[in-house]
Amino acid sequence: MTVRLRIAPSPTGSLHVGNARSAVFNWLYARRHGGQFIVRVDDTDTARSDERHVSEMIDGLRWLGLDWDEGIEVGGPHGTYRQSDRFDRYREAAEQLWRGGDAYYCFCTPEELDVRRAEAQKAGRPPGYDGLCRAIDTEQARARVADDERASLRLAVPRPGVTEFRDLVRDDMRFDHENIDDFVLLRSSGAPTYHLASTVDDVDYDITHVARGEDLLSSTPKHILITEALGASSPTYAHLPLLFGPDGKKLSKRHGDTSLKAFISAGYLPEAMFNYMSLLGWSYDPEITIYSADEAIARFDLDDVSKNPAVFDVDKLQWMNGEYIRAMPVSEFIERSRPALEEGLGSPLEPAEFDKYRQLAPLIQERIKMWPETAEMVRWLYVDEVEYDQQSWSKVMEKEPSAAVLSDALGRLEKVDPWTTETIEAAMRAMLEELDIGARKGFQPLRVAVTGSSISPPLFESMEVLGKQASLGRIGAASARLAAG
RNA sequence: GGCCCCGUCGUCCAGCGGCCUAGGACGCCGGCCUUUCAAGCCGGUAACGCGGGUUCGAAUCCCGUCGGGGCUACCA
């Protein structure tokens, strides 16, 4: 039997990293077992659903490197894979439930329910639905509905009773029906609730494994009850540990922008993001942290997923991103960093200008963790006049023997020909010797003069790429500025 | 409040009765390298929440306790 898994995000907001991580686990499991991965859109809440979120989600999932065998955009035997197109099917299922005696009409208004809930809470009773309308005679209820009276349809939860299931992550679960109220299947508007729609879809689409966040663990008995009432058999469930923010609370908007989109635009690599997310609640090997998606597929199993919630650690993600950046061939680094570079610089680069970047690229590659850092690394290369970093200037330039070094270097550098890293370095090392000063005192002033900062890519390579004329000009300018006080 | 889940370094994970004087990764600290910053290399810091059992032996099993979290809608 081939496994079929799905993710079913609601397009009521941006795709959250928690959902993205669920998608990764589902995908990994499907691929590992040669099964199918399906992407469905749970948009029963039509008022809050937005098409923009649907396409953003698709882009995000693709960006991560996931692909799906059926679902939104790619199609399949089950139509559009959007719940909003299947309301008739859900009503039909509801009807089936009602005919089978597993559901009943409820004529309580939301206002009445609010009042009774408040009372129950005050009296220390469970706040769920009290089952009042369950007592209404079926024929009578049908007549009232036929008479256009507003009614919702609720599941008649078997009482007494218990629902038990084996969760791949949590092992044996047991829920007493005492704690499950007769929840709504169909709203009085005729729209299905999430519980109904999602369960019907899982049944109709032959989903074999449902791996989702632990926040749905207590809803699972409801889904099992619906499934059984429908005469189908339940999928295997796996409730994944939740993702937490640094404060130990469920990751949400209050932790800043936690949408996958935010991470994409922050400049993370999809490989790093995938790798990092797969590590949240799972481990590839006790000794190995970095691995490819294919390697993960070869070892992944829902059985091995941890029960503990995981704190999303941006520091580790960044480190990992840096690892991936450093691991790629230089040519790839150059191409992939280009968009962020030009964006950071504010304009596209002419071929000749880009060529300078290309020369410095290997040195940049080992110094950044995130794409946006490239522009900061080489900005000095593309300005007419360097902007001196205030701290660097006072720390380096306003000290002996910077002034002397600058003018001495100027004289020596003028004679350097050809202008290469090696010849520049040779000339400067000779200067060090003759002036009898250390490399720090001798080179830092030049660095600040050329790049504007005491922190930069390696000096001589930088000077070579900048060019002789520009380099001399900058050293001269710094020298003059120093003289002027 | 009720129901449910969870509890190993600050964080993520390994550990599934003896291999644990608890391992790896991030972070942090120190060193080496070095013209800065990185990278790299080397080293260090740091945890089984607590209390009872069970057992020859427990991080691993059981109970309790404390702590954290989730759910508790005609949202999903």
Side-chain angles (χ1 to χ4, degrees), chain A residues 8-13 42-45 47-49 106 108-110 113-114 117 121-122 124-129 150-154 167 169-170 173-176 178-181 183-189 191-195 197-198 213-221 239 241-242 244 246 248-250 276 279-290 306-320 322 326 363-369 373 377 392 396 425 428-429 432 438-448 451 453-460:
Chain A
S10 296
T12 53
D42 276 16
D43 55 352
T44 47
D45 188 351
R48 292 197 299 140
S49 293
C106 171
C108 301
T109 64
L113 293 174
D114 283 345
R117 184 176 306 113
Q121 221 139 12
K122 216 155 66 181
R125 279 178 284 126
Y129 182 62
R150 280 182 79 83
S152 61
L153 189 75
R154 290 178 183 274
D167 189 284
V169 177
R170 319 248 150 211
M173 297 301 314
R174 176 192 169 92
F175 290 87
D176 195 311
E178 241 177 77
N179 302 304
I180 304 173
D181 71 343
F183 59 98
V184 172
L185 262 11
L186 230 41
R187 301 184 178 93
S188 51
S189 66
T193 59
Y194 157 76
H195 296 304
S198 174
E214 195 203 321
D215 50 344
L216 260 5
L217 184 57
S218 23
S219 297
T220 303
H239 286 90
L242 257 21
F244 282 3
K249 299 270 199 292
K250 187 177 166 185
Y276 179 70
L279 238 22
L280 260 17
W282 183 69
S283 78
Y284 174 79
D285 178 291
E287 308 285 312
I288 301 172
T289 309
I290 308 270
S306 148
K307 298 181 197 330
N308 308 356
V311 173
F312 196 93
D313 181 4
V314 178
D315 280 343
K316 188 159 183 175
L317 207 210
Q318 290 198 353
W319 161 78
M320 187 168 278
R326 267 171 265 124
L363 302 175
I364 306 302
Q365 186 175 8
E366 65 184 30
R367 285 173 169 70
I368 65 163
K369 286 196 169 99
E373 294 170 50
M377 222 69 166
S392 298
V396 174
E425 177 161 9
M428 293 298 90
R429 294 228 177 253
L432 247 40
R440 188 183 212 98
K441 279 196 182 318
F443 297 160
Q444 281 302 82
L446 295 174
R447 186 187 306 283
V448 174
T451 71
S453 169
S454 60
I455 299 173
S456 83
L459 182 58
F460 307 122

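These numbers come from a predicted model, not from an experiment. Residue numbers start from 1 in every chain, and the chains themselves are labelled A, B, ... in the order their sequence lines are given, proteins ahead of strands.
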Go through it in stages, so that I can follow the logic: the residues are A:His239 and A:Thr220, the test is side chain to side chain contact (heavy atoms under 4.5 Å, CB included), and I'd like the CA-CA distance, side-chain angles, deciding distance and then a yes or no. CA-CA 9 Å; A:His239 286 90; A:Thr220 303; 2.9 Å; yes
From CA spacing to verdict: side chain to side chain contact (heavy atoms under 4.5 Å, CB included), A:Tyr129, A:Cys108: CA-CA 10 Å; A:Tyr129 182 62; A:Cys108 301; 3.6 Å; yes
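The CZ atom of A:Phe244 sits 8 Å away from the C1' atom of B:rG70 (whole-angstrom rounding). Rounded to an integer number of Å, the gap from A:Leu113 CG to B:rU72 C1' is 15 Å. The interatomic distance linking A:Ile290 (CD1) with B:rA25 (C1') rounds to 9 Å, in whole Å. What separates CD of A:Glu287 from C1' of B:rC26 is a distance of 15 Å, to the nearest Å. Distance CG (A:Asp167) to C1' (B:rG70): 14 Å, rounded to an integer number of Å. As rounded to whole Å, 12 Å separates atom P of B:rU72 from atom CD of A:Gln121. Spacing between atom CG of A:Asp181 and atom P of B:rC71 amounts to 16 Å, rounded to whole angstrom units. Taking atom CG of residue A:Leu185 and atom P of nucleotide B:rA76, one finds them 12 Å apart after rounding to whole Å.
Nucleic acid contact class of A:Thr193 (heavy atoms, under 4.0 Å, all strands): sugar-phosphate only. Counting non-hydrogen atoms under 4.0 angstrom, A:Lys441 reaches nothing in the nucleic acid. Contact annotation for A:Leu459: base contact, defined as any heavy-atom pair under 4.0 Å involving a base atom. Counting any heavy atom pair closer than 4.0 Å across all strands shown, A:Arg150 reaches no nucleic acid atom. At a threshold of 4.0 angstrom between heavy atoms, the contacts of A:Leu216 include nucleobase atoms, whether or not backbone atoms are also involved. Counting non-hydrogen atoms under 4.0 angstrom, A:Thr44 reaches the backbone sugars and phosphates but no base. Among the protein residues, A:Ser10 comes within range of the sugar-phosphate backbone only, with heavy atoms under 4.0 Å from sugar or phosphate atoms but none that close to a base. Nucleic acid contact class of A:His239 (heavy atoms, under 4.0 Å, all strands): none. Nucleic acid contact for A:Cys106: none, since no nucleic acid atom lies under 4.0 Å from a heavy atom of the residue. A:Thr289 comes within 4.0 angstrom of sugar-phosphate atoms only, judged by non-hydrogen atoms across all strands, and of no base. Looking at heavy-atom distances under 4.0 Å, A:Gly248 makes contact with sugar-phosphate atoms alone, never a base. A:Pro241 comes within contact range of no nucleotide atom at all, as no heavy-atom separation falls under 4.0 Å.
The partner of B:rA59 cannot be assigned: no Watson-Crick or G-U wobble pair with both contacts below 3.5 Å exists in any strand. Pair assignment for B:rU21 gives none, since no Watson-Crick or G-U wobble pairing has each distance under 3.5 Å. In this structure, B:rC71 forms a base pair with B:rG2, meeting either the Watson-Crick or the G-U wobble geometry with both donor-acceptor distances under 3.5 Å. Under the Watson-Crick or G-U wobble criterion, with both distances below 3.5 Å, B:rC32 is paired with B:rG40. A 3.5 Å limit on both hydrogen-bonding distances identifies no Watson-Crick or G-U partner for B:rC16. Across the strands present, B:rC26 finds its partner in B:rG10; the criterion is a Watson-Crick or G-U wobble pair with both atom distances under 3.5 angstrom. Of the nucleotides present, B:rG64 is the one that pairs with B:rC50 by Watson-Crick or G-U wobble criteria, both distances under 3.5 Å.
Of the candidate nucleotides B:rC74, B:rG1, B:rG70, B:rG70 has the atom lying nearest to any side-chain atom of A:Asp215. Nearest to the side-chain atoms of A:Ile455 among the listed nucleotides B:rU36, B:rC74, B:rA76 stands B:rU36. The side chain of A:Lys249 has B:rG69 as its nearest neighbour among B:rU36, B:rA76, B:rG69. The side chain of A:Arg117 lies closest to B:rC74 when the candidates are B:rA14, B:rG70, B:rC74. Closest approach to the A:Tyr194 side chain among B:rA76, B:rA25, B:rU36 is made by B:rA76 (side chain taken as heavy atoms from C-beta onward).
Between atom CG of residue A:Leu242 and atom CG of residue A:Leu280 there is a gap of 11.0 Å, rounded to the nearest 0.5 Å. Summarising the geometry, atom CD1 belonging to A:Ile368 is positioned 11.0 Å from atom CD belonging to A:Glu366; distances are rounded to the nearest 0.5 Å. Separation of atoms OH (A:Tyr276) and CZ (A:Phe312) is listed at 5.5 Å; rounding is to 0.5 Å. The CZ atom of A:Phe183 sits 10.5 Å away from atom CG of A:Leu153, with the distance rounded to the nearest 0.5 Å. Within the model, atoms CG of A:Leu317 and CG of A:Asp313 stand 8.0 Å from one another, a figure rounded to the nearest 0.5 Å.
Counting all heavy atoms, side chain and backbone alike, A:Val184 lies closest to A:Thr193 at O-OG1, 3.0 Å. Here the shortest heavy-atom pairing between A:Asp43 and A:Ser49 reads CB-OG, 3.4 Å. Residues A:Pro221 and A:Ile180 share a closest heavy-atom pair of CB-CD1, 3.6 Å. What you find for A:Ser283 and A:Leu279 is that their closest heavy atoms are CA-CD1, 4.3 Å. The minimum heavy-atom distance between A:Asp181 and A:Gly128, with the atom names listed, is OD2-CA, 3.4 Å.
If A:Arg48 and A:Ser456 are placed on RNA chain B by their nearest nucleotide, the residue sitting closer to the 5' end is A:Ser456. Comparing A:Asp285 and A:Asp114 by the nucleotide of RNA chain B whose heavy atom lies nearest to each, the residue mapping closer to the 5' end is A:Asp285.
A donor-acceptor contact shorter than 3.5 Å is absent between the side chain of A:Ser152 and the backbone of A:Ser188. With hydrogens and angles ignored, the 3.5 Å screen pairs no side-chain donor or acceptor of A:Ser392 with any backbone N or O of A:Ser453.
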Classify every nucleotide of nucleotides 38-49 of chain B by which part a protein heavy atom approaches to under 4.0 Å, writing B for the base, S for the sugar-phosphate alone and - for neither, in 5'-to-3' order. BSS---------
How does protein reach along nucleotides 3-12 of chain B, written 5' to 3' as B (base within reach of a heavy atom under 4.0 Å), S (only sugar-phosphate), or - (no contact)? SSSSSS--SB
Can you check nucleotides 60-62 of chain B for protein contacts, nitrogen or oxygen pairs under 3.5 Å, and list what you find?
none

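Using atom P as the reference point in both B:rG43 and B:rC37, the two lie 23 Å apart (nearest Å). Only the P atoms considered, B:rU54 is 31 Å distant from B:rA14, to the nearest whole Å. The separation of B:rG44 from B:rC63, taken at their C1' atoms, amounts to 40 Å, rounded to a whole angstrom. Taking atom P on both nucleotides, B:rG23 is separated from B:rC9 by 14 Å, rounded to a whole Å. B:rC41 and B:rC5 are spaced 44 Å apart, taking the C1' atom of each and rounding to whole Å.
With A:Glu214 as reference, A:Arg170 is the one residue of A:Lys307, A:Lys250, A:Arg170 to meet the salt bridge (Lys or Arg N to Asp or Glu O under 4.0 Å) rule.
Ion pair A:Glu425/A:Arg429 flagged as a salt bridge, since at least one NZ, NE, NH1 or NH2 atom sits closer than 4.0 Å to an Asp/Glu carboxylate oxygen.
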